[in-house]
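Heads up, the thing below is written out as structure tokens.
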Amino acid sequence: MDLETQYCAHNYHPLPVVLTRGEGVFVWDDAGKKYLDMMSAYSAVSHGHANPRLVRLVQRQVARLTIVSRAFHSDTLGPFLARACQLTGQDMALPMNTGAEAVETAIKAARKWAYTVKGVPHDKAEILGCDGNFHGRTIAAVAMSDEPQYQHGFGPFPPGFLNVAYGDIDALADAINDNTAAFIVEPIQGEGGIVLPPPGYLKAAAGLCRKNNVLFIADEIQTGLGRTGKFLACEHDDVKPDALILGKALGGGVLPVSMFLARRDVMEVFTPGDHGSTFGGNPLGAAVGLEALNILVDDDLAANSAAMGDYLLTRLRAISCPLIRDVRGKGLFAGIDIDPAYASARSVCEGLMKRGLLSKETHETVVRLAPPLIIKKAEIDWAITQISEVLDELDKVRLAS
Ligand SMILES: *Cc1c(COP(=O)(O)O)cnc(C)c1O
């Protein structure tokens, strides 16, 4: 911790725990203490730590072929992208590494599609996003953000980004004009505090986009791949997006693997030399991504997420404590909104850590609960006990002060 404090940029505020090992839903610290991981690296570890199938696959592929760049073909990229397209109903995919890069790819695709297919005048394309969004930390992604801290000190920002209120279909209708290229939306806002739009919003938004020849792009980097109880969160609203962004769990908790997927007429705007990434689509990442997708399907992790998520939310909603302002979520993607007048979400996470449960606050008020999708009922029961007791303790502190 001292070395990180001295040598690592202070761009995070980690909980004071040093992790050395992980297996399934558990991680262990340097003193051998065991924790239930209800954070899963912001939903990147959906398959569980050291998933045996992924460990075997990585060991095999690492010794066989790892990186060749897209200057050549590899025998793992095609099968990976074919499987991703088949499972999502998209026509083509462009592989990247981190989520932010895949978001950049989506923005570039939407702009070039607007100029070459839709007929928007040169440099006039507009991308619509939502208030409270999170699409990563690149300059374009923070240009879309309305969170002051994400932008402060990093300007100037590229033009062509506009936001509308999340969940407000009239606001979207008002904002669309002839130059609108795309609407980029998270089916559930994760970093924004596990915020669900009204039922039917995504369907109405997709319909509005179709009517106006605007691309409906779902950022499912966090909500996708079973996290909310369906393979894609858009399925809850019966929506098939024109384009889709995946990341996080796509790398099986092993590597950064992301991709932008789209309809053929959108993806075909890219020609050789337009866009790329040295590591995007590398043989190791592609092999890991394919195995990660296959495990999700073979083990039906989305179904476990739906069942265990319902159970988690029911148990959370049954906790009676004045500190809780709201409990929100879908599948194993839950947030406890803590009343800031009484306690901070950080203090709840610190209390949970002492009891062997790891989670992290998002913004100041929400405790996020997003365990690996392989979690079992008994583990949720244990977590509920810890959460209730920590909330009780904090309530007693509040009443005593
Ligand atoms: C995490 C996240 C990103 C950014 O992904 P990185 O891998 O951190 O660059 C983008 N969009 C959403 C919805 C995310 O949750």
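Keep in mind that the numbers below use all heavy atoms, side chains included, and drop hydrogens, waters and symmetry copies. Indexing begins at 1, ligand by ligand and atom by atom, following the structure's order. Here the structure is a predicted model, which is why all the values come from computation and not from measurement.
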Can you confirm whether [X] is buried at [atom1], in the sense that more than 12 heavy atoms of other residues, nucleotides or ligands lie under 6.0 Å from that atom?
X: N11; atom1: CG; result: yes
X: F279; atom1: CZ; result: no
X: R70; atom1: CZ; result: no

Requested in this report: Starting from atom 2 (C) of ligand 1, find the nearest protein heavy-atom neighbour and note its residue, name and distance.
Outcome: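 Residue, atom and distance for the closest contact: K248 NZ, 2.5 Å.
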Query raised in the report: Is it the side chain, the backbone, both or neither of E220 that has a heavy atom closer than 4.0 Å to ligand 1?
Result: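 Near ligand 1, E220 shows nothing, with every heavy atom at 4.0 Å or more.
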**Report entry** Y42 contact mode with ligand 1 (heavy-atom cut-off under 4.0 Å)
**Finding:**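 It is neither; nothing of Y42 touches ligand 1.
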Query raised in the report: Going by atom types alone, do R56 and Q59 pair a side-chain donor with an acceptor below 3.5 Å?
Result: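 No, because no side-chain N or O of R56 sits under 3.5 Å from a partner of the opposite role on Q59.
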Query raised in the report: So, Y115 versus R111: side-chain donor-acceptor pair below 3.5 Å or not?
Result: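 Judged by distance alone, the side chains do not pair up.
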For [X], the ligand 1 atoms whose distance to one of its heavy atoms is below 4.0 Å:
X: H135; answer: 10 (C), 11 (N)
X: A100; answer: 4 (C), 5 (O), 6 (P), 9 (O)
X: G136; answer: 4 (C), 10 (C)
X: Q222; answer: 15 (O)
X: D219; answer: 10 (C), 11 (N), 12 (C), 13 (C)

Report task. Please lay out, stage by stage, how E291 and R53 fare under the test salt bridge (Lys or Arg N to Asp or Glu O under 4.0 Å). Result -> CA-CA 8 Å; E291 191 73 347; R53 273 180 68 179; 3.2 Å; yes
Requested in this report: Could you tell me whether G99 and ligand 1 have an N or O pair separated by under 3.5 Å?
Outcome: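 Right, the criterion is met.
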**Report entry** Polar side-chain atom of N133 near backbone of C130 as donor-acceptor pair, under 3.5 Å
**Finding:**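 Such a contact is found between N133 side chain and C130 backbone.
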Query raised in the report: Just to confirm, does any protein heavy atom lie below 4.0 Å from atom 8 (O) of ligand 1?
Result: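 Answer no: nothing from the protein, no heavy atom, is under 4.0 Å.
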